[in-house]
Amino acid sequence: MTPDPAGPGPHGPQPGPRTPLPRRRNPLPKLRRLLPDTTPWRSSPDFRLTWASGTITLLGSVFTMTAIPLQIAHLTGSPLAVGAVGAVELVPTVLFGLYGGVLADRADRRTVALATEVALALLSALLLANALLGTPALWPLYLAAGLAAAIQGLQQPSVEAMIPRLVPPEQLVAAGALLSLRWSIGGVAGPAAAGLLIATAGVPAAYLVDLATFLLSIALLARVRPVPSTREAEAPALREFTEGVRYAARRPDLLGTYLADLGATVFALPTALFPFLAQELDAEWALGLLYSASAAGSLAAAATGGWTGRVHRHGRLVLLSAALVGAATAAAAVAPGLWAVLLCLAVAGGGHWIGDTFRSAIWNRSVPDELRGRTAGLELMIGSAGPALGDLRAGALAAGRGIRAALGTGGLLCLGGSAVLTAALPALWRYDQRALAPQGAPHPHPTPNRT
């Protein structure tokens, strides 16, 4: 008889075959998929320099953005006076944003970005000189805000239009996410540091930091290779800009991205209210936290934004993110205390980051290079006018109805606006990058290796 292999052996019962233990899955690969795609950083030195220059500029500028409303609030005690900064910025943004878009399609985009960066540094020096006076004047604050809006109107279309020339089309979503990450880093670190610095060293120290960061940013931007125009000027500037507007108007999906951005910034970006919200919450020490809460949410979204490269229906995310921003802002109006308000603002910031990332992907991937500066100028005009109008709206409503009413009304209007856009512009909801021509947005000049 053949012995049973599982039966008793000469030394007692023999063990049967072992059941293999289930292998533990390593969670790291899945976690890595959430991290931002840094390919544009690694593959393009010019993109890396541009990103670093913009990040440093933003970090310094947030010090000024925190100091100006605080100075106005201390000098006037009026929410409307703080909100009026938005009105002062509106006209220069519109006028110079129009020409800035045309300029980006006519001139070397790097040169325009560099010259305007120098001009912004001079404005920081003006604000520093005013702050050092025994009794700072009010009018230089409004003058500097208006001039900065004009200069940024000239600069931003060229900066935006540079990016698709620095990275290939397949990296544009990753590049857009990294650019949004830059804003998030500046928004988190800047206000908190600015609030602490102003509390300990005064407003002049904030303007001094801004000036120093501009000098470093200029040095980095000067190392970026030239990005010359691919076309010759063919018509007066206004006619050329009108051509860009007509192009955007013929594309409901592109038009919808502008309107979604406008709704989110006009109704759900209540930064003018923060000095007074801090007072209402009996937490003036937390003003920097209020300013940085939205950026903290953006940073959290950016740090886990690796999923964005696997999404193809970009228009859908633009609309859903606007709805999220509106709902979170409305929730902040009824939040019971400081930390609940901060949480709501952080969620809204995450929504802003998602919207910015996918709007950027639509603009950079689907707009021809010869029109990209003018559509970027239109985007800047809308994107800058939105916060300016939002500050004015929030300040005026808060003066008459209170801080919480201004927050809640804006959030609900943003949420409703997203629903209206979804129904009125189905082309945006259906937008799918896979339906684009294989080449997407042209990349006419490969990025050379820097020596």
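In this text the structure is predicted, and so the values were computed from the model without any measurement.
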| query | Under the side-chain contact (heavy atoms from CB on, under 4.5 Å) test, which residues partner Ala394, sequence neighbours left out? | reply | Leu273
| message | Run the ring-ring contact (aromatic ring centres under 6.0 Å, His included) test against Tyr258 and tell me which residues pass, sequence neighbours left out. | response | Trp363
| Sub-4.5 Å side-chain heavy-atom contact between Tyr142 and Ile68 | no
| query | Mind checking whether His314 and Thr257 have side chains closer than 4.5 Å, heavy atoms only? | reply | no
| query | Can you check whether Ser366 reaches Arg251 side chain to side chain, under 4.5 Å on heavy atoms? | reply | yes
| task | Sequence neighbours left out, what passes side chain to side chain donor-acceptor pair (under 3.5 Å) with Ser53? Give chain and number order. | result | Ser217
| Do you know which two heavy atoms are closest between Pro45 and Ser43, and how far apart they sit? | CD-O, 3.7 Å
| request: Measure the spacing between OG1 of Thr304 and CG of Leu299 and express it to the nearest 0.5 Å. | output: 9.5 Å
| note | The side chain to side chain donor-acceptor pair (under 3.5 Å) partners of Gln155 (sequence neighbours excluded) come to Thr116, Glu117
| task | Identify, with sequence neighbours excluded, every residue that meets side-chain contact (heavy atoms from CB on, under 4.5 Å) alongside Phe274. | result | Pro270, Thr271, Leu277, Leu287, Leu290, Tyr291, Leu345
| Thr409 vs Arg401, side-chain contact (heavy atoms from CB on, under 4.5 Å): CA-CA, chis, key distance, verdict | CA-CA 10 Å; Thr409 302; Arg401 300 287 301 276; over 6 Å; no
| request: Please answer whether the main-chain N or O of Arg225 pairs with a side-chain N or O of Asp46 as donor and acceptor at a distance below 3.5 Å. | output: yes
| field | Side-chain donor or acceptor of Ser418 paired with backbone N/O of Cys414 under 3.5 Å | value | no
| said: Would you say that Thr357 contacts Leu179 through its side chain, given a criterion of any heavy-atom pair below 4.5 Å between the two side chains? | reply: no
| Residues that Thr422 engages under side chain to side chain donor-acceptor pair (under 3.5 Å), provided they are two or more places apart | none
| By side-chain contact (heavy atoms from CB on, under 4.5 Å), which residues pair with Ala67, not counting sequence neighbours? | Ile198, Val203, Ala206, Tyr207
| Val227 backbone acceptor or donor facing Asp108 side chain under 3.5 Å | yes
| said: Between Val311 and Phe358, is the side-chain contact (heavy atoms from CB on, under 4.5 Å) condition met? List the steps. | reply: CA-CA 9 Å; Val311 174; Phe358 287 104; 4.0 Å; yes
| query | Atom CG of Leu154 and atom OH of Tyr99: how far apart are they, to the nearest 0.5 Å? | reply | 8.5 Å
| query | Does a side-chain heavy-atom distance below 4.5 Å link Leu166 with Thr50? | reply | yes
| task | State whether the side chain of Thr66 and the backbone N or O of Val62 hold a donor-acceptor pair below 3.5 Å, judged by distance alone. | result | yes
| remark: Sorted by chain and number, sequence neighbours left out, side chain to side chain donor-acceptor pair (under 3.5 Å) with Thr64 holds for Asp210
| message | I need the Ile362 CD1 to Leu428 CG distance, nearest 0.5 Å. | response | 6.0 Å
| Looking only at side chains, do Arg110 and Ser158 share a donor and an acceptor under 3.5 Å apart? | no
| Are the side chains of Asp253 and Leu425 in touch, meaning some heavy atoms are under 4.5 Å apart? | no
| query | Quick one: are Tyr247 and Leu254 in side-chain contact, heavy atoms under 4.5 Å? | reply | yes
| message | Listing request: all salt bridge (Lys or Arg N to Asp or Glu O under 4.0 Å) pairs with a residue in residues 257-269, at least two apart in sequence or in separate chains. | response | Asp261-Arg359
| query | How many angstroms lie between CZ in Arg48 and OG1 in Thr38, if you round to the nearest 0.5 Å? | reply | 10.5 Å
| query | So Thr57 and Thr213, side-chain contact (heavy atoms from CB on, under 4.5 Å) or not? Walk me through it. | reply | CA-CA 6 Å; Thr57 291; Thr213 56; over 6 Å; no
Using atom types as modelled, flag every donor-acceptor pair under 3.5 Å from a side chain in residues 317-334 to any protein atom, sequence neighbours excluded.
{"unit_1": "Ser321", "atom_1": "OG", "unit_2": "Leu317", "atom_2": "O", "d": "3.0"}
{"unit_1": "Ser321", "atom_1": "OG", "unit_2": "Val318", "atom_2": "O", "d": "2.8"}
{"unit_1": "Ser321", "atom_1": "OG", "unit_2": "Gly355", "atom_2": "N", "d": "3.4"}
{"unit_1": "Thr329", "atom_1": "OG1", "unit_2": "Val325", "atom_2": "O", "d": "2.8"}

| field | Spatial distance of atom CG (Leu412) from atom CZ (Phe267) [nearest 0.5 Å] | value | 11.0 Å
| query | Is a donor on one side and an acceptor on the other found under 3.5 Å between the side chain of Thr111 and the backbone of Ala107? | reply | no
| field | Set of side-chain contact (heavy atoms from CB on, under 4.5 Å) partners for Ala212, sequence neighbours left out | value | none
| field | Contacts of type salt bridge (Lys or Arg N to Asp or Glu O under 4.0 Å), residue Arg404, not counting sequence neighbours | value | Glu280
| query | So, Arg109 side chain and Met162 main chain: donor-acceptor pair closer than 3.5 Å or not? | reply | no
| Should Leu221 and Leu49 count as side-chain neighbours, where that means a heavy-atom distance under 4.5 Å? | no
| field | Atom pair CG/CG of Leu127 and Leu122 - distance to nearest 0.5 Å | value | 11.5 Å
| message | Please give me the minimum heavy-atom distance between Val167 and Ser44, naming the atom from each residue. | response | CG1-CB, 4.2 Å
| Between Pro40 and Ala175, what is the shortest heavy-atom contact and its length? | CG-N, 3.7 Å
| said: Does the plane of the ring in Trp41 sit parallel, tilted or perpendicular to the ring in Trp51? Use 30° and 60° as the thresholds. | reply: perpendicular
| request: Provide the closest heavy-atom pair for Leu211 versus Ala121 in the form atom of the first, atom of the second, distance. | output: CD1-O, 3.4 Å
